[in-house]
Every structure is written in C-alpha cells, then in structure tokens.
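Being a predicted model, the structure only gives us computed values, none of them experimental.
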Amino acid sequence: MEESDRVARRWEDLDIDILVKIFQSFDIVELTSGIATVCTSWRMACCDPLLWRTLDLSMMKSNFIKIPLEPYVYVDARSDKTLNHLLKTSLSLSQGNIMTLIFHFNLYVSDDLLTYTAERCPRLRRLVMPAWNRIKKTGICKAIRIWQDLESLTMPSIANPAYLLEEIANNCKNFSELKVMGPFDNFFAATIITYLPKVRVLSLRCSMLVKDTLISILDELRNLEVLNISHCLLIEIPPPPAPRRIMRELDQCILDKASRLREFLTCMKDSCIMCQRTRNDEGLMRWYKYEEGVWKADEVSSLSL
C-alpha cells in the first residue's frame with residue numbers, strides 16, 4: 001500500500017468509551033493537567049461519571065507550619081493555590097457526580113473552599129476529612145445541609161461535636177458510618193448516643209478510650225452492628241485515690257456486652273506495632289511519623305482506603 005493511501009486516524013476520533021478507559025489509568029493530577037482542553041471528544045471523556053465516583057486527594061499535603069493560635073496552622077499561599085486549582089478543575093469536570101471525597105490528614109482546606117466543594121458535589125455519600133483546623137462551625141454545617149445523601153464520615157476528634165452531629169441527624173437520613181481519628185471521651189460518646197442513636201458502624205481505632213465510655217457505647221447504641229477499637233489505648237479510671245491504669249485485655253463484662261455485635265474488632269497485643277504506636281503517642285497518633293498512607297487503614301473494610 002502506498003504511503004498516500006493510508007488513512008490517518010486522530011486521537012479525537014477514538015470511541016469515547018475507549019478514551020474513558022485510558023483516562024481511568026490517570027491519577028488526579030494528570031487528569032486535571034489540561035487534557036480536557038485538547039478537543040471536544042477528550043473533554044467529554046474527562047467528564048464521564050466513571051472517572052468521578054471518587055475524588056481522592058489523599059496524596060496531597062499542605063505546605064504548612066504550626067502556630068500557637070487558632071487555627072494552629074499557617075498554610076503557604078502557593079500550597080493553597082495548587083489545591084484550589086486542582087479541586088476546582090476536578091469539580092468542574094465531575095459535573096456533580098462525586099460520591100466519595102478523600103482529603104489527606106495534612107491537607108488543610110479553607111472554609112470558603114469547603115463551601116465551594118459542597119455546592120458542586122451535592123450527591124456526596126462519603127467524606128474523609130481528618131483535618132479541620134481551618135474549617136469553622138458555620139462552614140461545616142452549611143456543607144452538611146447540602147450533603148443530604150451523606151452516609152459515612154471520617155473526622156478528627158473535636159471539642160464540641162454536638163453542633164455537627166445534630167446537623168447530620170437533621171439532614172442526613174441515611175447516615176450510618178462514623179470514624180473518629182483522635183481521643184474519644186465520654187462527652188463525644190454521649191453526643192453520638194443523643195444525636196446518632198441509629199449509627200451502625202463506629203470506628204475509634206488508635207484512639208484513647210476510657211472503659212466507662214466504651215461501656216456506654218455498647219449499652220446505648222442499640223443499632224450498632226460494627227465497632228472497631230483496634231489498637232486503642234484503653235484506660236480504666238477506678239474510684240480515687242487509685243490511679244488510672246492502662247487495660248491490657250478486655251474484661252468479660254465488655255465481651256458480653258459486645259457479643260450482640262456483628263463485628264467487634266479489637267487488638268491489644270504488646271507485639272502489635274500499631275498498638276505500640278498508640279501507647280507511645282498517648283492516644284493522639286502522630287501520623288506524620290509513620291509510613292505514608294498508614295493512616296488510611298481500617299479493620300472495617302468499608303472505612304479503609
């Protein structure tokens with residue numbers, strides 16, 4: 001065949017389904033780097049819902065320094081600019097189809113950007129956002145009112161969780177999964193019992209947990225099916241003057257109360273590296289010291305990344 005008789009095929013003439021299949025192999029940085037501006041066909045492929053069920057930003061971290069006053073972190077302007085560009089491009093291409101949104105524990109989203117995000121992915125079902133330093137009460141509450149389909153939340157330990165859990169109770173009727181990263185006290189437990197009594201899955205892994213708080217959870221959350229306290233620093237506080245002590249194993253009372261659960265996930269082994277880390281960090285895990293990505297793990301499969 002003569003060279004002049006060959007029919008040249010162009011990338012933009014590829015079937016959309018083939019383009020989507022190719023684009024599925026790209027990471028979020030590659031997907032938002034400008035390929036959607038190549039031609040109409042590539043733009044259509046980049047907007048396909050199959051690419052945007054999950055927006056995983058867990059590879060991104062803010063460039064920040066710690067400061068003594070709220071919000072306790074100062075984020076470099078260039079870092080914010082990078083996040084703004086990537087997130088806004090993603091939200092534009094996704095066309096409201098994002099159902100799972102994942103942020104790194106050192107990615108500090110601003111209040112305005114959270115609102116912008118919520119308004120452009122109203123169908124969100126799962127949010128993983130372990131850092132709230134720059135998120136104000138009004139910002140997260142506004143987002144929760146938009147995310148009425150929210151079913152699962154991974155959040156940091158906060159001093160006053162009542163306003164948030166009440167907002168979830170009033171707006172997210174299908175909410176069923178909660179993961180708290182950080183110390184978990186009796187007040188937090190009482191707030192869940194009050195506002196989210198129908199929660200089915202609760203993960204407190206690698207947290208500091210008082211025995212009486214654990215008993216309250218088991219007694220009061222009657223709809224609870226799965227509880228994860230793996231690698232927790234479990235504390236028993238006897239009547240004074242006896243000092244508090246670290247529990248090395250679960251007593252029979254707790255095991256009996258937990259027997260009604262479908263899954264009760266525990267690990268309190270001295271040989272377990274994660275248990276050692278929780279004890280060394282005194283129940284407030286310093287995830288930055290450990291392997292990248294270890295914070296994403298969870299013994300509950302639906303909560304693991």
Tell me if the [atom1] atom of [X] is crowded by more than 12 foreign heavy atoms within 6.0 Å.
| X | atom1 | result |
| --- | --- | --- |
| Lys173 | NZ | yes |
| Met59 | CE | yes |
| Arg248 | CZ | yes |
| Lys296 | NZ | yes |

Exam field: side chain [X] to backbone [Y], donor-acceptor pair closer than 3.5 Å:
| X | Y | value |
| --- | --- | --- |
| Thr191 | Pro161 | no |
| Ser207 | Gly182 | yes |
| Asp111 | Lys136 | yes |
| Thr213 | Leu209 | no |
| Ser25 | Ile22 | yes |
| Ser92 | Lys88 | no |
| Thr32 | Leu86 | no |

Are any non-hydrogen side-chain atoms of [X] and [Y] less than 4.5 angstrom apart?
| X | Y | value |
| --- | --- | --- |
| Glu30 | Ile35 | no |
| Trp147 | Asp149 | no |
| His231 | Cys275 | yes |
| Leu261 | Val226 | no |
| Ile246 | Ile235 | yes |
| Met247 | Met268 | yes |

Please check if [X] and [Y] belong to a single hydrophobic cluster, counting links between Ile, Leu, Val, Met, Phe, Trp and Tyr side chain heavy atoms closer than 4.5 Å.
| X | Y | result |
| --- | --- | --- |
| Phe175 | Ile192 | yes |
| Val199 | Val300 | no |
| Val210 | Ile254 | no |
| Leu196 | Met181 | no |
| Ile135 | Tyr163 | yes |

Exactly one of Trp287, Tyr290, Phe105 should register a ring pair (Phe, Tyr, Trp, His ring centres under 6.0 Å) with Trp295. Which one does?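 Exactly one pass, corresponding to Phe105.
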Who are the salt bridge (Lys or Arg N to Asp or Glu O under 4.0 Å) partners of Lys289, not counting sequence neighbours?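 Counting only residues at least two positions away or on another chain, Lys289 forms a salt bridge (Lys or Arg N to Asp or Glu O under 4.0 Å) with Asp281.
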Thinking salt bridges, do Arg277 and Glu291 make one under a 4.0 Å N-O criterion? yes
Please enumerate all residues that pass side chain to side chain donor-acceptor pair (under 3.5 Å) together with [X], with sequence neighbours excluded.
| X | value |
| --- | --- |
| Asp80 | Arg134 |
| Arg222 | none |
| Arg279 | Asp270 |

Listed pairs under 3.5 Å, donor-acceptor, residues 47-57 side chains, sequence neighbours left out:
from: Asp48; atom 1: OD1; to: Leu50; atom 2: N; distance (Å): 2.9
from: Trp52; atom 1: NE1; to: Cys46; atom 2: O; distance (Å): 2.7
from: Asp56; atom 1: OD1; to: Ser58; atom 2: N; distance (Å): 2.8
from: Asp56; atom 1: OD1; to: Ser58; atom 2: OG; distance (Å): 2.5
from: Asp56; atom 1: OD2; to: Ser58; atom 2: OG; distance (Å): 3.4

Could you give the distance from [atom1] ([X]) to [atom2] ([Y]), rounded to the nearest 0.5 Å?
| X | Y | atom1 | atom2 | result |
| --- | --- | --- | --- | --- |
| Asn228 | Ser230 | CG | OG | 4.0 Å |
| Met60 | Leu83 | CE | CG | 5.0 Å |
| Leu284 | Ser157 | CG | OG | 8.5 Å |
| Leu165 | Asn170 | CG | CG | 11.0 Å |
| Lys137 | Glu167 | NZ | CD | 9.0 Å |
| Ser62 | Asp76 | OG | CG | 9.5 Å |

Distance-minimising heavy-atom pair for [X] and [Y]:
| X | Y | answer |
| --- | --- | --- |
| Ala297 | Ser304 | CA-OG, 3.9 Å |
| Ile193 | Ser216 | CD1-O, 3.8 Å |
| Leu153 | Leu164 | CD2-CD2, 4.2 Å |
| Val109 | Leu114 | CG1-N, 3.9 Å |
| Cys232 | Leu204 | SG-O, 3.0 Å |
| His104 | Glu292 | NE2-OE2, 2.9 Å |

Does Ile98 form a side chain to side chain contact (heavy atoms under 4.5 Å, CB included) with Leu91? I'd like the steps, not just the answer. CA-CA 8 Å; Ile98 296 171; Leu91 293 169; 3.9 Å; yes
Working for side chain to side chain contact (heavy atoms under 4.5 Å, CB included), residues Phe64 and Ser79: CA-CA 8 Å; Phe64 72 97; Ser79 180; over 6 Å; no
Please evaluate residues Lys211 and Asp251 with respect to the criterion side chain to side chain contact (heavy atoms under 4.5 Å, CB included), reporting the C-alpha separation (whole Å), side-chain torsions for both, the decisive distance (0.1 Å), and the verdict. CA-CA 10 Å; Lys211 177 184 176 181; Asp251 58 32; 2.5 Å; yes
Decide yes or no on side chain to side chain contact (heavy atoms under 4.5 Å, CB included) for Met285 and Met274, but give the supporting numbers first. CA-CA 10 Å; Met285 291 292 282; Met274 291 307 297; 3.8 Å; yes
Quick one: sort the Phe23 and Phe26 rings into parallel, tilted or perpendicular, breaks at 30° and 60°.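 Geometry flag for Phe26 against Phe23: tilted rings.
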Ignoring hydrogens and geometry beyond distance, is a side-chain donor-acceptor pair present between Gln252 and Asp256 at under 3.5 Å? yes
Identify all side-chain donor-acceptor contacts of residues 117-133 below 3.5 Å with residues at least two apart in sequence or on another chain.
from: Thr117; atom 1: OG1; to: Leu113; atom 2: O; distance (Å): 2.7
from: Arg120; atom 1: NE; to: Tyr116; atom 2: OH; distance (Å): 3.4
from: Arg120; atom 1: NH1; to: Tyr116; atom 2: O; distance (Å): 3.2
from: Arg123; atom 1: NH1; to: Asn97; atom 2: OD1; distance (Å): 2.8
from: Arg126; atom 1: NH2; to: Leu303; atom 2: O; distance (Å): 2.7
from: Trp132; atom 1: NE1; to: Met129; atom 2: O; distance (Å): 2.8
from: Asn133; atom 1: ND2; to: Pro71; atom 2: O; distance (Å): 3.0

